[in-house]
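Remarks on the structure that follows.
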Amino acid sequence: MAGWMADFGEWLPYDGHTASGTGDQWHNRFTTRWHQINREVLEDRLGNDFVMFSRSGFTGEHEVAQVVWAGDQEADWSESDGLPTVLAAGLTLGMSGIPVFTHDIGGFSGGPRDQELFQRWTELGAFTPVMRTHDGLQKFENHHFDSDAETLAHFSVFSRIHAAMLPYLRELAREAQSTGMPMIRHTVLVDSEWEPAYEAHRQWMLGPDVVVAPIVAPGESRGTAWLPKGTWQHLLTGDSFTGRQQVTVDAPLGTPPVFIRADTHAVMTAAIREIWGN
């Protein structure tokens with residue numbers, strides 16, 4: 001194996017006992033120690049060529065975490081534990097110093113999920129540092145990337161768009177490693193002097209130059225984004241917008257509201273538009 005998901009083992013009963021103290025003393029710190037020993041084993045056996053996923057942590061987690069995922073979302077649209085909560089998880093983890101984030105496209109628990117949910121989740125997943133799917137608990141009832149030709153074509157487009165972003169993602173990963181700045185950022189981290197940025201909780205920024213405002217409710221065909229200072233273009237359609245305003249755009253399936261800072265990443269932008277247009 002070249003890595004694993006280090007889950008379940010992070011749990012410590014509050015009334016338990018360890019060699020270093022009681023469960024109440026170690027309850028929060030234990031999860032980061034668990035990830036630390038996982039990482040030490042992987043580094044000892046594999047050097048730097050591995051991937052470790054985790055889903056929990058405490059103060060200092062950023063020192064041992066590699067890729068953190070959002071946990072087991074429900075395979076639905078609920079505001080309490082469904083697709084919308086991925087946004088909150090990504091934003092708060094970034095603000096907590098976690099640099100690399102991912103989530104289960106389609107969700108894990110509950111369900112079964114339908115085609116629209118899976119496709120909207122795919123559109124968010126494409127603009128996440130690590131894009132990955134999950135069968136979910138209801139594996140045989142859930143809609144998957146290859147359940148029908150339409151979904152497969154949609155998934156193909158957005159997986160290739162994600163691949164086209166690799167140079168930018170590597171740039172952000174290097175920045176995270178050297179400065180601690182997360183790859184996924186709340187808009188306020190990019191334009192803190194713009195007061196509305198403090199309310200932009202329904203989107204995230206992938207680095208300083210990409211705004212991702214996904215559709216996270218069923219039946220929606222228009223989406224709203226908060227664009228920080230600067231000039232922006234819709235990443236897929238090329239439409240131009242002035243920053244420091246809230247914009248609403250058409251967002252049918254296959255055209256999520258994603259914006260790129262104008263006059264940046266020209267090669268990547270051209271490649272993405274060619275993939276989307278074809």
Side-chain angles (χ1 to χ4, degrees), residues 62 68 70 73 77-103 120-121 123-129 161 165 168-169 171-172 175-176 179-266 268-269 272-273:
H62 65 282
V68 179
Q73 265 78 29
W77 304 92
S78 67
E79 294 280 347
S80 59
D81 197 19
L83 171 57
T85 61
V86 173
L87 286 169
L91 291 174
T92 54
L93 280 167
M95 296 289 274
S96 301
I98 299 299
V100 185
F101 174 70
T102 187
H103 50 95
R120 288 304 195 187
W121 214 313
E123 293 171 3
L124 178 57
F127 300 99
T128 306
I161 286 174
M165 298 187 71
Y168 182 54
L169 295 174
E171 176 186 322
L172 296 179
E175 182 183 8
T179 70
M181 182 64 77
M183 298 176 73
I184 288 178
R185 303 172 190 178
H186 195 289
T187 309
V188 75
L189 291 178
V190 177
D191 192 359
S192 61
E193 296 178 356
W194 184 42
E195 188 172 343
Y198 288 81
E199 305 300 323
H201 307 315
R202 303 289 287 192
Q203 67 181 42
W204 67 43
M205 296 198 65
L206 194 53
D209 299 330
V210 176
V211 176
V212 182
I215 303 299
V216 293
E220 294 290 334
S221 60
R222 288 177 64 78
T224 299
W226 287 258
L227 302 180
K229 63 182 176 181
T231 303
W232 298 83
Q233 288 186 343
H234 195 296
L235 178 60
L236 303 177
T237 68
D239 295 339
S240 295
F241 302 88
T242 301
R244 286 195 168 173
Q245 67 167 324
Q246 188 176 349
V247 300
T248 300
V249 297
D250 290 336
L253 273 170
T255 312
V258 181
F259 305 83
I260 190 161
R261 195 179 296 277
D263 301 321
T264 65
H265 313 288
M268 180 183 79
T269 301
I272 288 173
R273 288 176 182 167

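FYI, side chains are in, hydrogens and waters are out, and symmetry mates aren't considered; it's all heavy atoms of this structure. Please read all numbers here as calculations on a predicted model, not as lab measurements.
When every heavy atom of Ala197 is checked against every heavy atom of His186, the shortest pair comes out as O-CE1, 3.0 Å. When every heavy atom of His103 is checked against every heavy atom of Ala70, the shortest pair comes out as CB-CB, 4.1 Å. The two residues Ala126 and Met165 have their closest heavy-atom pair at O-SD, 4.2 Å. The two residues Gly94 and Pro182 come nearest to each other via the heavy atoms O-CG, 3.4 Å.
At least one side-chain heavy atom of Pro257 sits less than 4.5 Å from a side-chain heavy atom of Ile215. Contact of the Pro196 side chain with the Glu199 side chain is not registered, since no non-hydrogen atoms from C-beta on lie closer than 4.5 Å. Thr92 has its side chain out of reach of Met95: every pair of non-hydrogen atoms, C-beta onward, lies at least 4.5 Å apart. You'll find the side chain of Pro129 reaches within 4.5 Å of the side chain of Leu206, heavy atoms only. Side-chain atoms of Ile272 and Leu235, non-hydrogen and from C-beta on, do get closer than 4.5 Å to each other. Using a 4.5 Å heavy-atom threshold, the side chains of Gln203 and Thr187 count as touching. Within the 4.5 Å cutoff, side-chain heavy atoms of Leu87 are placed close to those of Pro214. For the pair Pro99 and Glu175, the minimum side-chain heavy-atom distance is 4.5 Å or more.
The list of side-chain hydrogen bond (donor to acceptor under 3.5 Å, both in side chains) pairs with a residue in residues 244-260, not counting sequence neighbours, reads Asp191-Arg244, Arg222-Asp250, Thr224-Thr248.
Just one residue in the list Val210, Leu124, Thr237 forms a side-chain contact (heavy atoms from CB on, under 4.5 Å) with Val258, and that residue is Val210.
Note that the CD atom of Glu171 and the CE atom of Met268 stand 9.0 Å from one another [nearest 0.5 Å]. Distance check, rounded to the nearest 0.5 Å: OG1 of Thr102 to CG of Leu93 gives 11.5 Å. Atom CH2 of Trp226 is separated from atom CZ of Arg202 by 8.5 Å, given to the nearest 0.5 angstrom. Considering CE of Met205 and CG of Leu172, their distance stands at 10.5 Å, rounded to 0.5 Å.
A distance-only check finds a donor-acceptor pair linking the side chain of His201 to the backbone of Tyr198 [under 3.5 Å]. Checked by atom type and distance alone, the side chain of Thr85 pairs as donor or acceptor with a backbone atom of Gly82 at under 3.5 Å. With Trp194 contributing its side chain and Val190 its backbone, the two residues share no donor-acceptor pair below 3.5 Å.
Thr264 pairs by the side-chain contact (heavy atoms from CB on, under 4.5 Å) definition with Asp209, Ile260, Arg261, not counting sequence neighbours.
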